[in-house]
Amino acid sequence: MNKELRKAVIAGNWKMNKTRPEAKALIEELIPRAAETSCEVVICVPFTNLETAVSLTEGTNIKVGAENVHFEKSGAFTGEISADMLTELGVEYVIIGHSERRQYFGETDETVNKRTKAALAAGLKPIVCVGELLDEREAGITEEVISTQVKLGFAGISAEDMKKTIIAYEPVWAIGTGKTATSAQAEEVCLFIRETLAKLYDKATADAVTIQYGGSMNPKNAAELLAQPDVDGGLIGGASLKAADFGVLLDEASK
Ligand code: 13P
């Protein structure tokens with residue numbers, strides 16, 4: 001990461017894991033561990049754990065995020081949660097457009113765009129996920145895929161709002177597979193995203209945006225990934241569920 005321009009952000013994505021007592025135990029272990037580090041620390045937890053996470057982390061350096069948000073303010077949308085419902089709880093971040101939501105729940109670039117706008121309007125910091133499938137990488141169209149996701153995902157979003165938004169580059173083939181992108185592959189795409197933002201906005205905006213890498217980031221590969229100039233942190237699945245592993249990633253991002 002380029003520390004002169006950006007602060008590293010390490011965000012855990014717990015996905016559909018942890019009951020409330022399990023969440024409480026993990027957060028209690030994380031609090032003293034996170035206190036020793038200087039990067040931005042975020043835990044994105046299931047809706048049912050948000051209240052617990054917000055109250056336990058009050059006065060600590062851990063911020064809380066949700067894993068999704070609906071784009072409408074209220075209404076007949078059974079099972080959905082609005083941005084105002086999240087901010088009212090004290091939630092600060094929200095993951096949008098994770099590849100699991102795109103794959104299993106019909107999320108599209110258009111709904112990602114609507115959710116991102118709703119999150120920003122409510123004062124939430126969106127963590128917007130982009131990434132190519134294995135087939136797309138093998139067909140040599142990674143840049144086209146990412147460029148489309150970025151252009152449609154951020155259509156109509158002002159430069160000022162863009163600067164408040166985090167982009168997580170998560171190659172779908174590296175998620176939960178143990179297959180990490182090499183640090184060169186991660187840097188190549190994160191840099192490409194920044195160049196795309198510079199064309200859509202301007203260089204100052206592109207330089208201000210935090211771009212994370214996600215996909216099997218773990219204590220062994222984090223240092224090399226985070227040493228890349230355009231990799232400003234990580235969105236962490238499996239390794240965020242163990243305080244010891246997550247702690248190592250926080251240390252690496254704080255160096
Ligand atoms: P893993 O770290 O388990 O590969 O998951 C990455 C991810 O999807 C984070 O959003």
Side-chain angles (χ1 to χ4, degrees), residues 8-18 22-23 26 30 39-47 49-50 53 62-69 91-105 107 111-112 115-116 119 124-134 136-137 142 145-146 149-150 153 165-183 185-186 189-190 193 210-226 228 231-253:
V9 182
I10 297 287
N13 173 9
W14 288 12
K15 306 192 179 184
M16 195 173 72
N17 291 294
K18 304 287 176 189
E22 288 167 351
L26 176 54
L30 276 178
C39 62
E40 179 90 346
V41 186
V42 185
I43 52 170
C44 299
V45 305
F47 290 128
N49 289 328
L50 286 172
I62 301 178
K63 310 274 168 56
V64 175
E67 298 178 15
N68 191 19
V69 63
V91 171
E92 291 181 59
Y93 286 82
V94 62
I95 298 173
I96 293 174
H98 190 277
S99 64
E100 287 147 18
R101 297 223 52 94
R102 293 178 191 253
Q103 268 182 294
Y104 308 134
F105 303 102
E107 193 83 49
T111 56
V112 167
R115 288 177 209 270
T116 304
L124 289 166
K125 292 181 193 148
I127 302 176
V128 178
C129 303
V130 297
E132 80 287 3
L133 305 170
L134 184 58
E136 294 167 336
R137 175 160 283 268
T142 299
V145 171
I146 301 290
Q149 290 174 345
V150 168
T165 303
I166 295 177
I167 301 179
Y169 167 54
E170 299 207 317
V172 181
W173 49 271
I175 295 177
T177 57
K179 266 194 202 171
T180 324
T182 63
S183 52
Q185 286 170 323
V189 181
C190 289
I193 293 170
T210 297
I211 304 179
Q212 300 173 316
Y213 167 78
S216 300
M217 196 189 266
N218 61 46
K220 288 201 183 109
N221 59 29
E224 203 186 325
L225 287 161
L226 295 170
Q228 304 307 310
V231 178
D232 309 318
L235 185 57
I236 321 297
S240 73
L241 299 173
K242 289 188 196 133
D245 287 355
F246 198 60
V248 173
L249 303 187
L250 299 180
D251 291 340
E252 292 296 348

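Given the structure is predicted, the values throughout are model-derived calculations rather than measurements. For ligands, and for the atoms within them, numbers begin at 1 and follow the listed sequence. Values below: every heavy atom of this structure, side chains too, minus hydrogens, waters and symmetry copies.
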Specify the protein heavy atom at minimum distance from [atom]: its residue, its atom name, and the distance to 0.1 Å.
atom                   : answer
atom 3 (O) of ligand 1 : Gly238 N, 2.8 Å
atom 7 (C) of ligand 1 : Glu170 OE2, 3.2 Å
atom 5 (O) of ligand 1 : Lys15 NZ, 3.3 Å

When you measure from the heavy atoms of [X] to every atom of ligand 1, does any distance fall below 4.0 Å?
X      : answer
Gly176 : yes
Ser216 : yes
Ser240 : no

Verify, without hydrogens or angle tests, whether [X] (side chain) and [Y] (backbone) share a donor-acceptor contact under 3.5 angstrom.
X      : Y      : result
Ser216 : Ala174 : yes
Arg115 : Ile96  : no
Asn17  : Leu241 : no
Thr177 : Lys179 : yes
Tyr213 : Pro171 : no

Q | Charged N-O contact under 4.0 Å between Glu67 and Lys15 | A | no
With heavy-atom distances below 4.0 Å as the criterion, list the atoms of ligand 1 near [X].
X      : value
His98  : 7 (C), 8 (O), 9 (C), 10 (O)
Leu235 : 9 (C), 10 (O)
Gly215 : 4 (O), 6 (C)

Q) Residues two or more places apart in sequence or in another chain: which of them pass side chain to side chain donor-acceptor pair (under 3.5 Å) with Arg137? A) Glu132, Tyr169
Q. For Asp245, what residues pass the side chain to side chain donor-acceptor pair (under 3.5 Å) criterion, not counting sequence neighbours?
A. none
Using distance alone, determine whether [X] and ligand 1 share an N or O pair under 3.5 Å.
X      : value
Asn13  : yes
Glu100 : no
Ile236 : no
Gly237 : yes

Q: Using only heavy-atom distances, determine whether the side chains of Gln103 and Ser99 contain a donor-acceptor pair under 3.5 Å.
A: no
**Q.** Ala174 contact mode with ligand 1 (heavy-atom cut-off under 4.0 Å)
**A.** backbone
